[in-house]
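To start, the structure under review is shown below, and the notes come after it.
As a basis for the values below, the full set of heavy atoms in this structure was taken, side chains included, without hydrogen atoms, waters or symmetry mates. The chain is numbered in sequence order, starting from 1.
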Amino acid sequence: MTGDRDRVGRAGTPGDVPAVAACLASAFHDDPLWGRWTFPDERRRGRDLLPFMTLMAELGLGEVWTDMTAAAEAVTLWTPPGASYGTPQQEEHMSAVLEDLLGPRAAAIHALFEQFEAHAPEGRYYHLEWWATHRDRAGRGLGTALLRENLARIDAERLPAYLESTNPANLARYEALGFARVDEFAPPDGPTITTMWRPAR
């Protein structure tokens, strides 16, 4: 078993929320869904994406497993079996943030979240909510190393994993890690989202 000194990642803490959010905002700036579709105005995207991703990082403070490299060059957020991403107590805060950032388009994001929920499979599995590498550190293998380490832990528990890929450029990367395509869906006038499943090992 890999010792703590050999680990790529470490557990995220509440104090890491700003760094996790900055990594997510950087990585998803040009994402077809969370970048270009959610924030179509490129002049405002960088400004608005950071508070949006701060919200996403905050939702991971409850039952979600947040893992990160030492300085949040790469991050993963997983919902374990039986847990939920966000709590009922956070829903009011979430709605307020989305309304403030998106105005009338907030309703489209809420509808999108409902699509995600409708396509989620039944049963016990780890759900990869977010996987990101800061653009300044991309191409060095940090994100893949972190995700491989996470999957080794999941494999040790003999549980499957599930994700929704919002960028077709990542499909081959996920497939190389053992995920297979399951289904597709899309918001109105939006990009295709691919659901993927990795069986228990």
Side-chain angles (χ1 to χ4, degrees), residues 10-68 71-121 125-136 162-167 170 185-195:
R10 65 173 179 85
T13 68
D16 292 314
V17 164
V20 171
C23 180
L24 291 169
S26 172
F28 283 89
H29 185 272
D30 294 318
D31 182 77
L33 181 71
W34 298 120
R36 294 196 293 269
W37 184 81
T38 304
F39 301 99
D41 186 343
E42 193 167 359
R43 296 167 300 174
R44 297 179 50 182
R45 188 183 306 155
R47 183 195 73 185
D48 293 346
L49 193 53
L50 183 58
F52 177 80
M53 288 306 184
T54 298
L55 172 65
M56 296 300 109
E58 288 171 347
L59 295 179
L61 293 178
E63 301 176 313
V64 174
W65 164 29
T66 299
D67 211 29
M68 57 188 284
E73 300 93 344
V75 302
T76 53
L77 279 74
W78 293 89
T79 299
S84 62
Y85 182 49
T87 65
Q89 293 76 18
Q90 290 172 310
E91 286 182 8
E92 187 175 340
H93 173 59
M94 179 177 173
S95 293
V97 171
L98 293 179
E99 182 68 30
D100 183 56
L101 289 176
L102 299 164
R105 293 201 70 243
I109 301 303
H110 283 294
L112 173 63
F113 289 149
E114 290 176 3
Q115 282 187 282
F116 273 84
E117 290 179 14
H119 284 81
Y125 56 89
Y126 276 88
H127 183 181
L128 181 59
E129 305 284 356
W130 300 97
W131 175 38
T133 301
H134 197 287
R135 284 187 292 176
D136 292 346
Y162 169 75
L163 63 84
E164 303 98 345
S165 176
T166 59
N167 190 338
N170 289 329
F185 64 97
D189 301 317
T192 298
I193 300 156
T194 305
T195 63

Side-chain contact, heavy-atom cut-off 4.5 Å: [X] with [Y]?
X      : Y      : value
Val75  : Leu24  : yes
Val20  : Met53  : no
Leu101 : Pro51  : yes
Thr54  : Val17  : yes
Glu73  : Thr133 : no
Pro81  : Tyr125 : no

Which label fits Phe113 and His110: parallel for a plane angle under 30°, tilted from 30 to 60°, or perpendicular past 60°?
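Perpendicular, since the angle between the ring planes exceeds 60°.
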
Determine the interplanar angle of the His119 and Phe185 rings, folded into 0 to 90°, and report it as parallel if under 30°, tilted if 30 to 60°, perpendicular if over 60°.
parallel

Working note: Trp131 + Leu163, criterion side chain to side chain contact (heavy atoms under 4.5 Å, CB included); need CA distance, chi angles, decisive distance, verdict.
CA-CA 10 Å; Trp131 175 38; Leu163 63 84; over 6 Å; no

Give a yes-or-no answer on whether the side chains of [X] and [Y] include a donor-acceptor pair shorter than 3.5 Å.
X      : Y     : value
Tyr85  : Trp78 : no
Glu129 : Thr79 : yes
Thr76  : Asp67 : no

Would you find a donor on one side and an acceptor on the other, under 3.5 Å apart, between the side chain of Ser26 and the backbone of Ala22?
no

When you measure from the side chain of Arg105 to the backbone of Thr38, do you find a donor-acceptor pair of N or O atoms at a distance under 3.5 Å?
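Side chain of Arg105 to backbone of Thr38: a pair is present.
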
Looking at [atom1] of [X] and [atom2] of [Y], how far apart are the two atoms once the value is rounded to the nearest 0.5 Å?
X      : Y      : atom1 : atom2 : answer
Ile109 : Glu99  : CD1   : CD    : 12.0 Å
Arg45  : Phe28  : CZ    : CZ    : 13.5 Å
Leu61  : Gln90  : CG    : CD    : 7.0 Å
Leu33  : Asn167 : CG    : CG    : 10.0 Å

Carboxylate-amine/guanidinium proximity below 4.0 Å for Asp16 and Arg10
yes

Closest non-hydrogen atom pair, [X] against [Y]:
X      : Y      : value
Ala132 : Cys23  : O-SG, 3.7 Å
His29  : Leu49  : CA-CD2, 3.5 Å
Tyr162 : Thr195 : OH-CG2, 3.2 Å
Asp30  : Arg36  : O-NH1, 2.5 Å
Ala186 : Gln115 : O-NE2, 3.0 Å
Thr66  : Leu77  : OG1-CG, 3.7 Å

For the CG atom on Asp189, are there more than 12 heavy atoms of other groups (residues, nucleotides or ligands in this structure) within a distance under 6.0 Å?
no

Among Thr192, Asp31, Thr194, exactly one meets side chain to side chain donor-acceptor pair (under 3.5 Å) together with Thr166. Which residue is that?
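That would be Asp31.
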
Show the numbers, then the answer: is there a side chain to side chain contact (heavy atoms under 4.5 Å, CB included) between Glu164 and His127?
CA-CA 9 Å; Glu164 303 98 345; His127 183 181; 2.9 Å; yes

Please assess Trp34 against Phe52 for the test ring pair (Phe, Tyr, Trp, His ring centres under 6.0 Å), listing each intermediate value before the final yes or no.
CA-CA 10 Å; Trp34 298 120; Phe52 177 80; 5.7 Å; yes

Apply the test side chain to side chain contact (heavy atoms under 4.5 Å, CB included) to residues Phe39 and Arg44: give CA-CA distance (whole Å), side-chain angles for both, the deciding distance (0.1 Å), then the verdict.
CA-CA 8 Å; Phe39 301 99; Arg44 297 179 50 182; over 6 Å; no

